[in-house]
Amino acid sequence: MADKAHLLQAPKGMRDFYPADMAVRRHIESAWRRVATRHGFEEIEGPTFEHLDLYTRKSGEAIVSEIFRIQHRGDAELALRPEFTPTLARMIAARAATLPQPIKWFAIPLHYRAERPQRGRLREHIQWNVDFVGRPGASDDDRRGLAVADAEVIGCMIDLLRELGLTEQIVRIKISHREVAASLLRSVGVTDDRLGDAFALLDRRDKIGPDEFAKQATALGLDSAQVVRLDGVAQIRVGADQPWDAFREAIGVDDETIVELRALRDQLDRAGLLAWCEWDMGIVRGLAYYTGIVFEAYEVTGAERAIAGGGRYDGLIELFNGPSMPACGFGMGDVVLSLVLQEHDLLPDADQLMPRPDVFVVPSGKDDADQRVISLVASLRSAGLHARRTYRTTRNIGKLLKEAAACRARYAAIVEGDGSVTLKNLATGEQETVKETDLPTAMASRAGRRPDAGES
RNA sequence: GCGAUCGUAGCUCAGUUGGUUAGAGCACCUGGUUGUGGUCCAGGGGGUCGAGGGUUCGAAUCCCUCCGGUCGCCCCA
């Protein structure tokens with residue numbers, strides 16, 4: 001591969017982040033971190049590589065075939081992580097005995113999949129993972145008790161959407177339940193050995209159209225009356241803020257089967273979140289480890305892939321040799337989220353997101369001003385200020401001020417060379433003269449700089 | 001893994017039926033207008049036309065292969 005052009009390209013499906021791109025990325029990541037933190041989740045991180053069998057243990061061949069594998073000499077095969085949940089389960093299983101419960105953790109890791117890139121899907125992406133592991137209340141086996149955790153997780157997700165400017169008019173959280181859906185499928189006439197295929201078909205309903213749907217449903221062994229009933233199940237969509245009876249009648253199963261959904265509704269109602277949510281039995285989720293509620297966040301026009309998705313996976317910690325612990329969580333990737341924000345004009349321009357210098361220092365050209373710039377910048381930085389300077393040799397003050405404005409500095413400091421500095425407020429145009437030695441303290445007090453100013 | 005489509009400067013594009021050393025605007029850089037963000041002036045860097053091969057006297061242009069982008073399929077973390 002001595003191909004020079006080839007070496008200049010990022011590998012397929014991978015992204016370069018130039019400063020402007022990085023500013024946008026940090027904008028999203030910091031919103032994730034801010035929201036998860038205020039909901040009481042603590043940040044963790046795991047290794048980028050895991051043992052390959054961490055994934056092969058539970059995932060099907062189709063998923064395993066899309067994992068990037070790493071073979072180093074004779075060592076056991078490694079995998080670039082395709083998802084975070086197995087790592088989370090492993091970390092919890094390893095210390096389950098000593099961790100205070102419930103465990104509320106989040107992570108913002110990079111994930112990898114060896115697939116053909118397309119809209120909303122790249123080979124490397126950043127995904128926010130939020131998980132609630134353990135029982136939210138006193139230990140009991142009350143099926144309704146876990147709804148508190150489910151609602152907290154969904155509430156955190158909604159708060160993030162809101163934080164970035166999205167509304168319930170733009171995004172909808174579609175909620176289903178694995179067991180409820182399975183029960184519905186059985187009642188339609190799907191046999192247990194065809195349940196998996198029926199779920200997959202349910203998931204595809206909107207994409208393949210009614211005719212193809214009917215054809216494939218027939219292939220599952222359903223007669224024409226059953227196909228019609230299955231189609232009815234796939235199309236059940238009831239706003240969560242509608243009366244509960246509307247949903248109960250739509251799916252037509254007994255109260256015992258939907259007790260967890262009912263409990264979830266109560267929790268979401270108390271948190272004031274029902275307007276964002278919708279019961280949709282067509283939501284399936286591909287992963288095998290989900291055991292209860294499953295949910296996905298969609299842009300309402302359906303133009304994009306799911307913004308986020310998750311659910312309850314009560315058996316997974318045990319599968320990694322930990323204790324039996326209930327768990328619920330979701331993942332939200334940066335790619336689809338960015339697309340949706342962009343479409344709705346909610347992604348600020350990069351220059352609005354780049355860090356702003358407090359002060360930009362330029363020499364006047366008089367006396368030894370050039371030399372004084374160096375020590376002045378050093379003392380400003382020592383005072384904790386974001387200080388930049390020009391590297392140009394021109395003495396054209398106009399051009400230097402333009403440079404200061406271009407990087408969105410709050411103030412420009414013109415070093416006069418006689419021990420004084422002309423300090424110009426670039427927003428208002430006001431300027432004044434201060435002593436060079438007083439500049440760091442003068443700046444610190446007036447730049448309105450807060451300790452966290454660099455983060456947001 | 002399969003299919004469609006695209007690829008000329010950082011960006012948006014021009015480049016005649018194949019015909020000299022491949023262009024424009026914006027952006028960027030340097031300086032000037034002899035100290036205030038604009039305007040203006042002068043100058044500059046940057047592309048082996050995605051890469052490699054073929055046809056031809058001659059290829060950005062025609063053909064093949066590969067590499068990427070985009071959009072689908074499969075699958076969805």
Side-chain angles (χ1 to χ4, degrees), chain A residues 1-16 18-21 50 54-55 58-68 79-88 109-129 199-200 203-204 207-208 283-290 294 296 305-306 308-311 313 329-333 335-336 339 360 362-366 369 390-409 411-417 422-431:
Chain A
M1 290 279 193
D3 182 344
K4 275 198 293 186
H6 174 81
L7 290 175
L8 282 177
Q9 292 174 323
K12 182 195 298 211
M14 316 288 272
R15 291 172 288 179
D16 292 321
Y18 288 88
D21 309 310
E50 288 279 7
L54 187 73
Y55 306 108
K58 185 67 181 176
S59 310
E61 264 312 307
I63 288 175
V64 173
S65 72
E66 289 170 357
I67 289 176
F68 277 110
L80 274 174
R81 62 184 167 204
E83 57 166 332
F84 191 71
T85 307
T87 298
L88 175 88
L110 285 161
H111 295 98
Y112 303 87
R113 56 176 139 222
E115 277 190 311
R116 193 73 173 266
Q118 54 189 294
R119 185 173 179 85
R121 295 178 80 183
L122 299 174
R123 287 184 156 193
E124 179 182 61
H125 68 118
I126 310 156
Q127 190 183 77
W128 182 42
N129 286 264
F199 270 131
D203 197 30
R204 284 199 300 269
K207 184 180 262 182
I208 61 181
I283 294 300
V284 173
R285 306 288 298 155
L287 286 178
Y289 52 64
Y290 289 117
V294 288
E296 292 183 341
R305 298 165 183 282
Y313 50 98
F330 70 84
M332 178 186 289
V335 183
V336 176
L339 287 170
F360 191 92
V362 304
S364 66
K366 286 187 236 161
T390 185
Y391 298 101
R392 301 183 194 215
T393 54
T394 182
R395 293 180 176 185
N396 184 329
I397 298 294
K399 289 198 172 177
L400 295 173
L401 287 175
K402 185 182 176 184
E403 188 186 4
C407 67
R408 302 183 69 244
Y411 285 83
I414 304 165
V415 181
E416 302 295 355
T422 301
L423 189 58
K424 176 164 187 162
N425 181 326
L426 290 170
T428 64
E430 293 171 73
Q431 56 185 51

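Chain letters run A, B, ... following the sequence lines, proteins first and then strands; every chain starts at 1.
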Among residues at least two apart in sequence or on other chains, which ones pass side-chain hydrogen bond (donor to acceptor under 3.5 Å, both in side chains) with A/Arg285?
A/Glu296
Answer with yes or no whether A/Gln118 presents, from its side chain, a donor or acceptor under 3.5 Å of a partner atom in the base of B/U70.
no
On a whole-Å scale, what distance lies between the P atoms belonging to B/A4 and B/G10?
30 Å
Quick test of your reading: applying salt bridge (charged side-chain N to carboxylate O under 4.0 Å, His left out), list the pairs with at least one residue in residues 391-404 of chain A, sequence neighbours left out, ordered by first then second residue.
A/Arg392-A/Glu403
So which of residues 119-129 of chain A are in contact with RNA chain B, with a heavy-atom cut-off of under 4.0 Å?
A/Arg119, A/Arg121, A/Gln127
Counting only side-chain N and O atoms of A/Arg81, is one of them less than 4.0 Å from OP1 or OP2 of B/A77?
no
Just the rounded figure in Å: distance from C1' of B/U36 to OH of A/Tyr411.
16 Å
Kindly write out the residues that satisfy side-chain hydrogen bond (donor to acceptor under 3.5 Å, both in side chains) with A/Gln118, not counting sequence neighbours, or none if the list is empty.
A/Arg305
I need the A/Phe68 CZ to A/Glu124 CD distance, nearest 0.5 Å.
9.5 Å
How far does the P atom of B/A14 sit from the matching atom of B/C62, given to the nearest Å?
15 Å
Length of the line joining A/Tyr289:OH and B/A77:C1', which is rounded to integer Å
6 Å
Please figure out whether A/Lys12 or A/Ile208 has its closest RNA chain B nucleotide nearer the 5' end.
A/Lys12
Given the P atoms of B/C13 and B/G38, what is the spacing between them in whole Å?
28 Å
Roughly how many Å is it from CZ in A/Arg113 to P in B/G1, rounded to a whole number?
16 Å
If we take the P atom in both B/U70 and B/U8, what is their distance in whole Å?
14 Å
Runs of at least three consecutive pairs that involve RNA chain B, where pairs are Watson-Crick or G-U with distances under 3.5 Å
B:1-7 with B:67-73, B:10-13 with B:23-26, B:28-32 with B:40-44, B:50-54 with B:62-66
With rounding to whole Å, what would you report as the distance between B/C29 and B/G46 at their C1' atoms?
10 Å
Mind checking what makes ring pair (Phe, Tyr, Trp, His ring centres under 6.0 Å) contact with A/Phe360, not counting sequence neighbours?
none
Checking side-chain contact (heavy atoms from CB on, under 4.5 Å) against A/Thr422, which of A/Ile397, A/Ile414, A/Val415 comes through?
A/Ile414
I need a per-nucleotide contact map over nucleotides 2-11 of chain B, read 5' to 3'. Cutoff is protein heavy atoms under 4.0 Å; write B for the base, S for backbone only, - otherwise.
BBB-------
A/Tyr391 OH to B/C28 C1': how many Å, rounded?
18 Å
Side chain to side chain contact (heavy atoms under 4.5 Å, CB included) filter on A/Val335, not counting sequence neighbours, yields A/Arg15, A/Leu122, A/His125
Counterpart residues, side-chain hydrogen bond (donor to acceptor under 3.5 Å, both in side chains), relative to A/Arg119 (two or more places apart)
A/Glu304, A/Glu343
Which part of the nucleic acid, if any, lies within contact of A/Ile414, taking any heavy atom under 4.0 Å across all strands shown: a base, the sugar-phosphate backbone alone, or nothing?
base
CD on A/Glu66 to CZ on A/Arg123, rounded to 0.5 Å:
10.0 Å
Donor-acceptor pair, distance only, cut-off 3.5 Å: does the side chain of A/Arg81 make one with the backbone of A/Leu110?
yes
Starting at atom CZ of A/Arg305, determine the distance to atom C1' of B/G72, rounded to an integer number of angstrom.
9 Å
Could you walk me through whether A/Glu50 and A/Thr87 pass the side-chain contact (heavy atoms from CB on, under 4.5 Å) test, one step at a time?
CA-CA 8 Å; A/Glu50 288 279 7; A/Thr87 298; 2.7 Å; yes
Heavy atoms of A/Ala79 and A/Ile67 approach each other most closely as CB-CG2, 3.4 Å
Taken to the nearest whole Å, CZ/A/Arg395 to P/B/U36 is 15 Å
Would A/Leu400 and A/Thr394 count as a side-chain contact (heavy atoms from CB on, under 4.5 Å) if you check the C-alpha gap in whole Å, the side-chain angles of each, and the deciding distance to 0.1 Å?
CA-CA 8 Å; A/Leu400 295 173; A/Thr394 182; 4.0 Å; yes
Using a 4.0 Å heavy-atom cut-off across all strands, classify A/Gly13 as base, sugar-phosphate, or nothing.
sugar-phosphate
I'd like the P distance from B/G52 over to B/G32, given in whole Å.
43 Å
Measure all distances between protein nitrogen or oxygen atoms and nitrogen or oxygen atoms of nucleotides 37-39 of chain B, and list the pairs falling under 3.5 Å.
residue: B/G37; atom: N7; partner: A/Lys424; partner atom: NZ; Å: 3.1
residue: B/G37; atom: O6; partner: A/Leu426; partner atom: O; Å: 3.0
residue: B/G37; atom: N1; partner: A/Leu426; partner atom: O; Å: 2.3
residue: B/G37; atom: N2; partner: A/Leu426; partner atom: O; Å: 3.4

With sequence neighbours excluded, tell me which residues meet side-chain hydrogen bond (donor to acceptor under 3.5 Å, both in side chains) with A/Arg113.
none
Over how many whole Å does the gap from A/Glu50 atom CD to B/A77 atom P extend?
19 Å
Considering only the P atoms, how many Å lie between B/G3 and B/C64, rounded to the nearest integer?
15 Å
A/Thr394 side chain near B/G32 phosphate (N/O to OP1/OP2, under 4.0 Å)
yes
Roughly how far apart are A/Ile126 CD1 and A/Met332 CE, rounded to 0.5 Å?
13.5 Å
Can you tell me how far P in B/U48 sits from the matching atom in B/G53, rounded to whole Å?
16 Å
Going by the rule ring pair (Phe, Tyr, Trp, His ring centres under 6.0 Å), which residues pair with A/Tyr313 if we only count those two or more places apart in sequence or in a different chain?
A/Tyr289
A/Tyr18 has an atom OH; how far is it from atom P of B/A27, in whole Å?
21 Å
